[in-house]
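First up is the structure itself, then whatever we jot down about it.
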Amino acid sequence: MKRPILIHPDPRLKKVCAPVPDLSDDLRRLADDMLETMYDAPGIGLAAPQVGVTRRLIVLDCVKEEGEEPRPLVMFNPEVVASSDETNTYEEGCLSIPDQYAEVTRPKVVDVRWIDRDGNPQAETFDGLWATCVQHEIDHLNGKLFIDYLGAMRRQMITRRMQKLKREQARA
Ligand code: GNR
Ligand code: NI
């Protein structure tokens with residue numbers, strides 16, 4: 001089932017999310033709903049706080065080529081355990097900040113540990129768009145948005161646009 005995506009500014013997008021102590025059918029259902037919501041958007045990642053659940057859960061699939069096998073990843077309690085000194089700059093967007101894009105510089109390669117949908121620990125090294133995306137999603141779990149990397153003026157301009165968008169949505 002698709003879930004509505006919160007739009008910035010929203011207090012739930014600013015919270016440090018709580019770790020998931022034990023997997024449950026509810027949490028697995030939430031992960032499946034998040035994947036459906038992400039693919040429908042469409043997006044390459046989604047964090048639980050974006051659907052109003054302040055728990056440490058993200059989903060992602062950065063396979064972009066048409067006709068390539070999708071690779072849906074579900075990560076409970078994801079952690080970056082090492083990051084490269086080498087950086088990468090990507091034009092980032094966010095489903096909670098629609099139609100706004102900005103370049104963000106982050107470590108190019110990251111080692112990530114997490115618990116998968118079946119409750120098994122996993123570890124993998126990510127590079128390129130996958131590395132950018134997983135860092136963007138983990139930031140969401142710490143109440144951080146990509147606009148927090150921008151200067152105050154630019155961030156405020158984007159926030160004002162989003163406030164206006166939400167006012168218009170509320171009237172429609
Ligand atoms: O769909 C998304 N695209 C994207 C592009 C560049 C860097 C990060 C992202 S994540 C974003 C979906 C989203 O908001 N996830 O939190
Ligand atoms: Ni986002």
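For this chain, numbers begin at 1 and follow the sequence in order. Whatever order the structure lists ligands and atoms in, that order sets their numbers, starting from 1. Owing to the predicted nature of the structure, the values given are computational and were not obtained by experimental measurement.
Taking OG1 of T132 as the reference point, atom CH2 of W130 lies at 12.5 Å (rounded to 0.5 Å).
Looking only at protein heavy atoms, the nearest one to atom 14 (O) of ligand 1 is L95 N, 2.8 Å. Given atom 3 (N) of ligand 1, the protein heavy atom at minimum distance is I44 CG1, 3.4 Å.
Within the set E137, H140, E92, Q135, the minimum heavy-atom distance to atom 10 (S) of ligand 1 is found for E137. Distances from atom 11 (C) of ligand 1 to the heavy atoms of G93, G43, C62 put G93 nearest.
The side chain to side chain contact (heavy atoms under 4.5 Å, CB included) test with K164 singles out one residue from E168, R161, K166, and that residue is E168.
Around the Ni ion (ligand 2), the protein contributes the following N, O or S atoms at distances under 2.8 Å: C94 SG, H136 NE2, H140 NE2.
Donor-acceptor pairing under 3.5 Å is lacking for the side chains of E103 and T89.
At a heavy-atom cutoff of 4.0 Å, ligand 1 is contacted by the side chain of H136 but not by its backbone. If you look at E91 next to ligand 1, the close heavy atoms, those under 4.0 Å, all belong to the backbone.
Heavy-atom neighbours of N120 CG from other residues, nucleotides or ligands within 6.0 Å: above the threshold of 12. Applying the 6.0 Å contact sphere to CZ of R155 captures more than 12 heavy atoms from other residues, nucleotides or ligands.
Hydrophobic cluster membership differs between L57 and W114, with clusters built from Ile, Leu, Val, Met, Phe, Trp and Tyr side chains linked at under 4.5 angstrom.
Atom numbering of ligand 1 starts at 1 in the shown order; those under 4.0 Å from a heavy atom of C94 are 14 (O).
For R28, the salt bridge (Lys or Arg N to Asp or Glu O under 4.0 Å) criterion is met by D25, not counting sequence neighbours.
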Evaluation steps, side chain to side chain donor-acceptor pair (under 3.5 Å), between N77 and R55: CA-CA 8 Å; N77 302 335; R55 287 304 191 87; over 6 Å; no

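At least one N or O atom of Q50, backbone or side chain, sits closer than 3.5 Å to an N or O atom of ligand 1. The shortest N or O to N or O distance between G45 and ligand 1 is under 3.5 Å.
One finds no salt bridge joining K2 and D33 here, because no Lys/Arg side-chain nitrogen approaches an Asp/Glu carboxylate oxygen to under 4.0 Å.
Pairing each heavy atom of Q50 with each of S96, the nearest pair is NE2-OG, 3.0 Å.
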